Trainee: 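I have a structure here, written as structure tokens, and I will follow up with some questions on it.
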Amino acid sequence: MKVFAKYFHGFDPIGWPAVTFGLESAAQSLLEGFEPGSRMVFLATSKAPVRPMRGKIVGMMEFGNERGRVEQYFTEAVIAEGTERYGTFRWPWAVKATKAWQFDEPYSGTTALLGKVPMKAIRHPWLLPSRLAASVLRLPHREVALAMPFALPANELRRVKRHASRRSSKGPPPTSYEALIIKTCDGPCFTYLLRFGSRDIWKVGMSVNPDRRLVEINAHIPTEILDEEWQIERLACFNDPQTAYDVEQRILDYFRAHRTAGERISLPLAQVSAGWDAVVDAAGGSSDA
């Protein structure tokens with residue numbers, strides 16, 4: 001088993017279920033001399049959107065002997081978000097992941113464990129020497145859910161590729177991310193209600209990890225200018241993602257006359273709370289204020 005390492009902007013095996021590269025040659029080099037069970041270790045950059053991950057060893061993926069374009073593995077939502085943020089999708093080449101593990105927090109510092117990481121690890125896979133690979137594999141870690149790739153018809157793949165190459169994107173339909181969770185995850189899932197600062201602007205959504213999802217959403221808010229960000233106001237836990245999704249849709253339908261854009265609602269706190277309680281209670285969810 002070979003163990004590689006590379007810098008990434010974080011670790012999200014649900015939204016990002018592949019090892020990605022900006023260069024096709026880098027993706028191809030990972031598969032040269034492929035051995036079953038080989039793994040890629042995710043080293044979070046200093047600008048990773050999840051602050052506790054920055055500069056740390058955060059996750060690991062086992063990968064298969066299959067290379068392709070990100071459109072074969074990622075949802076339109078993820079591609080559109082990356083396109084909107086950077087002007088183009090910066091990591092279009094992908095190697096299929098087959099398993100994923102997350103290292104336990106607090107994460108180990110990259111430099112503290114691995115020493116000086118070669119500059120090549122920014123763009124290319126770095127094959128860890130056996131001593132360093134053993135040190136990484138000894139870190140406490142647990143297997144986590146990994147979204148499985150989905151097949152796209154040829155005409156749909158061409159359409160998504162065109163969408164990914166646009167420099168100005170209006171973003172995906174609001175349910176793309178949620179649809180992926182429903183298809184690929186088992187176990188508890190949350191419907192959440194976010195509030196922007198102290199304003200009467202709310203956002204409804206669902207996630208298997210609402211805290212991490214909150215960090216991802218706030219990563220696109222210029223808090224240094226607005227001095228405000230999204231905060232979790234209410235959470236409801238359900239036994240499976242499909243139920244969480246259904247409740248999300250019922251809440252959005254309940255407030256359809258007060259929706260502004262996407263999954264956002266404009267209403268005073270008392271009215272939003274009353275509507276939330278009515279829908280969640282009817283669904284039998286466990287709600288936290």
Side-chain angles (χ1 to χ4, degrees), residues 1-50 52-74 78-79 82 89-151 184:
M1 178 181 71
K2 296 179 180 179
V3 179
F4 297 84
K6 182 184 173 296
Y7 282 109
F8 295 87
H9 280 210
F11 182 69
D12 177 14
I14 296 299
W16 206 276
V19 181
T20 56
F21 300 89
L23 302 173
E24 183 178 11
S25 59
Q28 182 59 37
S29 69
L30 184 64
L31 300 183
E32 293 175 357
F34 171 78
E35 294 179 2
S38 293
R39 301 182 183 185
M40 171 62 74
V41 176
F42 281 59
L43 312 177
T45 66
S46 60
K47 295 183 179 180
V50 181
M53 288 187 175
R54 294 176 182 175
K56 305 295 179 63
I57 302 172
V58 295
M60 182 167 54
M61 285 184 180
E62 181 180 291
F63 55 89
N65 191 19
E66 178 184 315
R67 173 178 61 85
R69 295 276 301 186
V70 293
E71 294 87 0
Q72 297 170 248
Y73 308 107
F74 292 3
V78 172
I79 295 172
F89 198 84
R90 294 171 58 181
W91 310 277
W93 300 99
V95 174
K96 175 185 176 181
T98 55
K99 289 184 179 180
W101 297 265
Q102 183 155 359
F103 291 107
D104 293 347
E105 298 184 50
Y107 302 116
S108 297
T110 298
T111 304
L113 190 69
L114 301 180
K116 186 176 181 180
V117 177
M119 287 293 292
K120 67 169 288 185
I122 296 175
R123 294 177 177 268
H124 296 267
W126 170 37
L127 179 60
L128 294 180
S130 56
R131 176 180 59 83
L132 295 181
S135 296
V136 171
L137 294 175
R138 281 196 295 268
L139 294 175
H141 57 277
R142 64 191 186 283
E143 188 169 358
V144 292
L146 173 71
M148 289 295 103
F150 47 90
T184 58

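Bear in mind that the values here come from a model prediction, so they are computed numbers and not experimental data.
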Trainee: Can you check whether Trp91 and His9 have ring centres sitting under 6.0 Å from each other?
Mentor: yes
Trainee: One pair to check against side chain to side chain contact (heavy atoms under 4.5 Å, CB included): Tyr107 and Leu139. What are the steps and the verdict?
Mentor: CA-CA 9 Å; Tyr107 302 116; Leu139 294 175; over 6 Å; no
Trainee: Angle between ring planes, Phe89 versus Trp16, binned at 30° and 60°: parallel, tilted or perpendicular?
Mentor: parallel
Trainee: What verdict does the side chain to side chain contact (heavy atoms under 4.5 Å, CB included) test give for Phe4 and Arg39, after you've listed the backbone C-alpha separation in whole Å, the side-chain angles of each residue and the deciding distance to 0.1 Å?
Mentor: CA-CA 6 Å; Phe4 297 84; Arg39 301 182 183 185; over 6 Å; no
Trainee: Quick one: does Val3's side chain get under 4.5 Å of Met1's, heavy atoms only?
Mentor: yes
Trainee: What's the spacing between Lys99 NZ and Glu143 CD if we round to 0.5 Å?
Mentor: 5.5 Å
Trainee: Is any side-chain heavy atom of Trp126 less than 4.5 Å from a side-chain heavy atom of Leu114?
Mentor: yes
Trainee: Is it the case that the side chain of Lys6 and the backbone of Val19 share a donor-acceptor pair, with hydrogens and angles ignored and the cut-off at 3.5 Å?
Mentor: no
Trainee: Check whether any side-chain heavy atom of Phe8 sits under 4.5 Å from a side-chain heavy atom of Val58, and report yes or no.
Mentor: no
Trainee: Could you check whether any side-chain heavy atom of Leu43 comes within less than 4.5 Å of a side-chain heavy atom of Tyr7, counting everything from C-beta outward?
Mentor: yes
Trainee: When you look at Val95 and Met40, which way does the side chain to side chain contact (heavy atoms under 4.5 Å, CB included) test go after all the steps?
Mentor: CA-CA 10 Å; Val95 174; Met40 171 62 74; over 6 Å; no
Trainee: Would you find more than 12 non-hydrogen atoms of other residues, nucleotides or ligands less than 6.0 Å from Met119 atom CE?
Mentor: no
Trainee: The test is side chain to side chain contact (heavy atoms under 4.5 Å, CB included); show your working for Phe11 and Met60 and say whether it passes.
Mentor: CA-CA 8 Å; Phe11 182 69; Met60 182 167 54; 5.9 Å; no
Trainee: Is there a side-chain contact between Phe21 and Leu30, using heavy atoms and a 4.5 Å cut-off?
Mentor: yes
Trainee: What's the spacing between Leu127 CG and Glu32 CD if we round to 0.5 Å?
Mentor: 12.0 Å
Trainee: Hey, is CZ on Arg142 packed in by over 12 heavy atoms from elsewhere, all under 6.0 Å?
Mentor: yes
Trainee: Taking the side chain as everything from C-beta on, heavy atoms only, tell me whether Ser25 gets closer than 4.5 Å to His124.
Mentor: yes
Trainee: One thing to verify: whether Lys56 and Glu105 come together as a salt bridge, which I'm taking to mean a side-chain N less than 4.0 angstrom from a carboxylate O.
Mentor: no
